[in-house]
Amino acid sequence: MKIKNRLESIIAQSLHSLSLPNDKVIVSEASKIEFGDYQFNGMMAIAKKMKTNPRELALLVMNNIKDDEMIAKMEVAGAGFINIWLKDNFLSSNINILLNDDRLGVAKSLKTQRVVLDYSSPNMGKQMHVGHLRSTIIGDALGNLFEFLGDEVIRQNHIGDWGTQFGMLIAYLEENKTSSNSSLSDLESFYQNAKKRFAEDEAFANKSRENVVKLQAKEEHALKLWDEFIDTSLHHCEYVYDKLGVNLKREDIRGESFYNDDLPVLLEDLDKLNLLTQSQGASCVFLNENLPPVIVKKSDGAYLYATTDLSALRYRTKQLNASRICYVADSRQAEHFKQIFEVAQKASFVEEQTRLEHIGFGMVMDKSGKPFKSRDGGTVKLIDLLDEAILRAGESIKKRDEYSEVELQNIASIVGIGAVKYADLSLHRESNYMFDWNKMLSFEGNTALYIQYAYARINSILERFDGKLDGNVLIGDELEHRLALMLLRFEDVLLKASLEAMPHVISSYLYDLVTLFMKFYENNPILKDGIQKDVKMSRLILSFATANIIKKALKILGIKVANKI
RNA sequence: GCGUUCGUAGCUCAGCUGGAUAGAGCACUCGCCUUCUAAGCGAGCGGUCUCAGGUUCGAAUCCUGACGGACGUACCA
C-alpha cells in the first residue's frame, strides 16, 4: 500500500486549509526510531517563506491534521520537524492483504505505459561472457519490476547478428559441416579457428568476402548457412538464459539484421531533413558543440552501430508504439546514447513525449580493482562463471547438512545463481562492482543467501505448525510494530525502485526486512511452549507475510527461493 | 586538451530531489544454543564523509575550484 502518499496528502490538506504552500509535500521514513515512523521536514522551509517561527507553524499544522485512521500520534521536534507514529491497529488490519493476494497489496498502475526494454544483446559470433552479465541481470529485473507495477513491457534483445565477420564464420561453418556436428559447440574456439583460417588461407579469405556480398544480396545458400549459425549461437544463449533464470525468449529477439533494409531508407530520410553532412567521405549528422558528430555511413559505404540504433529507435516508437524506451547498457556508452537520442529527436523519429533512457551500469572488477578476467587474461565465459557459482554453492551447503543428490543440485543452483544475481543487483548499478566469490556466497551481510536462509527458516516454522492461519495480527511490542510497517512499505519501495530504475532499492529493503525479522524471531518466540494461542497466530501471520514479501521481491529480482536450505 | 563520472570506517558498500548525534556488512574483541534452522542474535572497536571556499536557519548531499582515480573523446560494438 502507498503509505507515504497518504501521509503526504494528509499533510498537504492541513497546509492547504491553513492557506500555506503545499505543492511539494514530501514525507520520509523517520531517520531514527525515536522520531517515530515517518517525518515531515518541510515546515522549516515553509516557515521561512512565511517569515514565521517554524516550531509554532509546525504545531499549527500538526494540530490541524484530521486523521483518525492511520496516525496514532504526532509531535513537533527539533527545529520544526513533524514526527509521525502510525497506529498499531492500522498496521495490523492491513497485514491480511499480504497473506492471500498475489499482488501483496501493490496496486497496478492506473495508466499503463508501453515500455521497450533493450537488454542483454549478446554477439552471435562469440560465447556470452561476463560483459553481458550486468545488462542481462539488471534488464531482466527491471522488466519484472515494470511489469509487476502494471506497465506493458516489450523486451528487445538487440543481438549482434550482422557484420563482416559472419562471412568468415559461415565459410568456416560450411567447410566443417561434414566433419563434425560439434564444431560449433564452443563458439569461442570456432571463432578463433575461423579467424586463423582467414589469416592463413587466401582462398578461404576470398570465400569469406564473397559470403559477405552474398549475405548482403540475400543469396539463398548464404542466408541458410547464416540462419543455421545464428540458430546454434542462440541455443548457446538460451542455455545461459535458462540457467540464469532470465525471461528472454525467441520472440524478444530483434537483432541488427532486422534493421538492415531500413538503413538506406533511414539515410534518405535524414538527407531529406537536411540533417546529413558529408565529411571526409562519410555521412554524418552534426549535433551541438558538446557532442561529437554521429557517423551514419562510413566512407567505404558501410553502416554502423549508430545507424542501426537509430533505425531501431524509430521502429520502437513508430511500430511498437513505445512511450518509454530503456537501454540497459554499459555506462561507457553514455555519450553514444546521448548522440542517437538527439539525432532521433531532431529527425522526429520519436515523439516529443517519448521518454528515452540509457540505464547505465559500471564494470565488473576483480578484487584488485582491475576489469574482471579469467586466469589466462581472457574474458570469462558466462556459462563457466555460472557453473562455478553452482559448484561453490554446493560445496558450501554440503558442509552444513545432509542432502540427497537431487536436493543438493537444486538448492546449489538456487543459491549459486541467486548469489551471482543478488551481488550485482544489491549494488548501485552506476558504480563499478567488485566480483568476490567469498563475499557473494557468504551467509552474512547483504547477500542472497542471508535472505534465502531467512525464507527457509520461516518456511520451516510454518511447516512445523502445519495448521490453518486464521486470526489477526496483534501488535504486542515495538519490534512487531516495525516489522508490520516494514511489510506494508513494500509498494512504496517498488515505486521508488521503478522510478529510478534502481534494483538495489529493492535489495536494501529486503535486507532491512530480513534483519528486522531475525530480531523479531530471536525475541518473540512463536511455537515455543507457553505462547498464548492468539499471540502464536499473530506471530505466524507476521512470519508468513514476511515470507511472501521475500519471495515476491526476490522473484522480481529474478532470484528463486528454496523451502529448505 | 575537452567531456562524463567517482572519492564516505582498515576492506566492500548504503545514504546524495538539503534536515535532527553519518549507517550496514566484513575484519577485530566480547557475550548468547537442555529452547522454533547459531548459515542466527546482541555488545564493543572503528569517521576532519579527499581538500578549500560558497549558498543556507541547516551541507556527505547543491554550486565553484583544487587534488586523486576510472571511463569516453567522428568512420568498433
Side-chain angles (χ1 to χ4, degrees), chain A residues 24 26 28 30-32 34-35 39-45 47-48 54 77-81 83 121 123 158 160 163 256 279-287 289-306 308-309 329-336 338-339 360 362-363 365 367 369 371 396-397 399-401 426-428 430-434 436 438-439 442-447 449-450 452-454 456-465 500 504-505 507-508 511-512 515 518-519 521-531 536 539-540 543 564-565:
Chain A
K24 41 180 183 206
I26 293 171
S28 50
S31 57
K32 280 185 168 42
E34 308 91 85
F35 300 154
Q39 61 185 71
F40 176 59
N41 305 330
M43 285 318 302
M44 281 81 86
K48 178 102 187 161
F81 301 92
N83 295 336
S121 310
N123 191 312
H158 193 83
E256 289 172 355
S279 173
Q280 297 167 36
S283 306
C284 316
V285 180
F286 279 83
L287 301 164
E289 292 154 12
N290 301 321
L291 284 173
V294 182
I295 296 179
V296 285
K297 192 177 182 184
K298 301 204 292 184
S299 49
D300 68 1
Y303 300 107
L304 298 106
Y305 180 52
T308 315
D309 260 345
D330 199 320
S331 287
R332 285 175 297 187
Q333 296 184 49
E335 194 167 64
H336 162 76
K338 222 181 262 177
Q339 286 174 303
M363 294 188 290
M365 312 296 234
K367 265 195 249 180
S396 161
I397 289 162
K399 288 185 203 146
R400 304 287 172 169
D401 210 343
S426 60
L427 294 179
H428 196 290
E430 299 270 19
S431 50
N432 295 341
Y433 94 87
M434 225 152 275
D436 181 343
N438 292 332
K439 204 183 147 198
S442 168
F443 314 99
E444 293 155 335
N446 189 6
T447 66
L449 194 43
Y450 177 74
Q452 286 167 327
Y453 174 66
R457 280 179 94 169
I458 297 173
N459 193 260
S460 158
I461 298 165
L462 294 171
E463 269 178 13
R464 197 175 276 260
F465 167 67
E500 298 166 8
H504 86 283
V505 169
S507 20
S508 311
Y511 181 62
D512 290 344
T515 306
M518 284 300 183
K519 283 183 191 150
Y521 173 87
E522 291 287 330
N523 291 289
N524 302 23
I526 302 168
L527 298 179
K528 291 184 184 176
D529 292 341
I531 306 297
K536 181 190 285 185
R539 290 177 181 171
L540 278 165
S543 303
K564 176 192 162 188
I565 288 180

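Each chain gets a letter, A, B and so on, in the order the sequences are listed, and its residues count up from 1. Both backbone and side-chain heavy atoms feed into the values below; hydrogens, waters and symmetry mates do not. Just so we're clear, the structure is a prediction, and the values are computed from it rather than from any experiment.
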If you check the [X] side chain, which of [options] turns out closest?
X: A:E522; options: B:A77, B:A70, B:G40; answer: B:G40
X: A:E335; options: B:G72, B:A77, B:A39; answer: B:G72
X: A:P292; options: B:U37, B:A20, B:A74; answer: B:A74
X: A:Q280; options: B:A77, B:A74, B:G40; answer: B:A74
X: A:E444; options: B:G40, B:U73, B:A20; answer: B:G40
X: A:N83; options: B:G40, B:U73, B:A20; answer: B:A20
X: A:Q333; options: B:A27, B:A77, B:C36; answer: B:A77
X: A:L304; options: B:A77, B:G40, B:A39; answer: B:A77

Base, sugar-phosphate, or nothing: which does [X] touch, judged by heavy atoms less than 4.0 Å apart?
X: A:A334; result: nothing
X: A:A77; result: base
X: A:Y511; result: sugar-phosphate
X: A:A456; result: base
X: A:I565; result: base
X: A:K564; result: base
X: A:K519; result: sugar-phosphate

Between atom [atom1] in [X] and atom [atom2] in [N], what is the gap in whole Å?
X: A:N290; N: B:U73; atom1: CG; atom2: C1'; value: 13 Å
X: A:N523; N: B:C32; atom1: CG; atom2: P; value: 17 Å
X: A:Q452; N: B:U37; atom1: CD; atom2: C1'; value: 15 Å
X: A:L449; N: B:U37; atom1: CG; atom2: C1'; value: 12 Å
X: A:K338; N: B:C71; atom1: NZ; atom2: C1'; value: 13 Å
X: A:Y453; N: B:A39; atom1: OH; atom2: P; value: 5 Å
X: A:N438; N: B:G25; atom1: CG; atom2: P; value: 19 Å
X: A:D512; N: B:A24; atom1: CG; atom2: P; value: 10 Å

Rounded to whole angstrom, note down the [atom1] distance from [N] over to [M].
N: B:A24; M: B:A77; atom1: C1'; result: 39 Å
N: B:G23; M: B:C49; atom1: C1'; result: 12 Å
N: B:A59; M: B:G42; atom1: C1'; result: 34 Å
N: B:A70; M: B:U12; atom1: P; result: 15 Å
N: B:C26; M: B:A66; atom1: P; result: 41 Å
N: B:A9; M: B:U50; atom1: P; result: 8 Å
N: B:A27; M: B:U64; atom1: C1'; result: 39 Å
N: B:C62; M: B:U4; atom1: P; result: 15 Å

Please determine whether a side-chain nitrogen or oxygen atom of [X] lies at a distance below 4.0 Å from atom OP1 or OP2 of [N].
X: A:Y450; N: B:C41; result: yes
X: A:K32; N: B:A22; result: no
X: A:R464; N: B:U37; result: yes

Along RNA chain B (nearest heavy atom to each residue), the more 5'-positioned of A:I295 and A:I458: A:I458

Upstream residue (5' side of RNA chain B) when A:F35 and A:S331 are each assigned their closest nucleotide: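 It is A:F35, whose closest nucleotide lies nearer the 5' terminus.
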
A:E430: partners by side chain to side chain donor-acceptor pair (under 3.5 Å), with sequence neighbours left out: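 For A:E430 the side chain to side chain donor-acceptor pair (under 3.5 Å) partners, ignoring immediate neighbours, are A:S331.
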
Partner set under ring-ring contact (aromatic ring centres under 6.0 Å, His included) for A:F35, not counting sequence neighbours: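 With sequence neighbours excluded, A:F35 shows a ring-ring contact (aromatic ring centres under 6.0 Å, His included) to no residue whatsoever.
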
Those residues that, when tested against A:Y305, pass ring-ring contact (aromatic ring centres under 6.0 Å, His included) (two or more places apart):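 A:Y305: ring-ring contact (aromatic ring centres under 6.0 Å, His included) contacts with A:H336.
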
Whether over 12 other heavy atoms sit under 6.0 Å from A:K564 NZ: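 Yes, enclosed.
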
Side chain to side chain, [X] and [Y], heavy atoms closer than 4.5 Å:
X: A:M44; Y: A:F81; answer: yes
X: A:I526; Y: A:F465; answer: no
X: A:R539; Y: A:I531; answer: yes
X: A:L427; Y: A:H504; answer: no

Smallest separation among heavy atoms of A:T447 and A:K439, with atom names: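 That closest heavy-atom pairing would be CG2-O, 3.4 Å.
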
For A:N83 against A:A77, the heavy-atom pair lying closest together: ND2-CB, 3.6 Å

Base of B:A74 paired with side chain of A:S279 (donor-acceptor, under 3.5 Å): yes

Strand RNA chain B as a dot-bracket string - pairs counted if Watson-Crick or G-U with both distances under 3.5 Å, | where the partner lies in another strand: (((((((..((((.....[...)))).(((((.......))))).....(((((..]....))))))))))))....

OH on A:Y433 to CE on A:M365, rounded to 0.5 Å: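 Going from the CE atom of A:M365 to the OH atom of A:Y433 covers 12.0 Å.
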
From CA spacing to verdict: ring pair (Phe, Tyr, Trp, His ring centres under 6.0 Å), A:Y453, A:F443: CA-CA 8 Å; A:Y453 174 66; A:F443 314 99; 7.9 Å; no

Residues that A:S28 engages under side-chain contact (heavy atoms from CB on, under 4.5 Å), provided they are two or more places apart: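 A:Q39, A:N41.
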
Per-nucleotide protein contact string for nucleotides 8-19 of chain B, where B marks a base within reach and S marks sugar-phosphate only (heavy atoms under 4.0 Å, - for neither): ----SSSS---B

B:C26 glycosidic torsion: syn (within 90° of 0) vs anti: anti

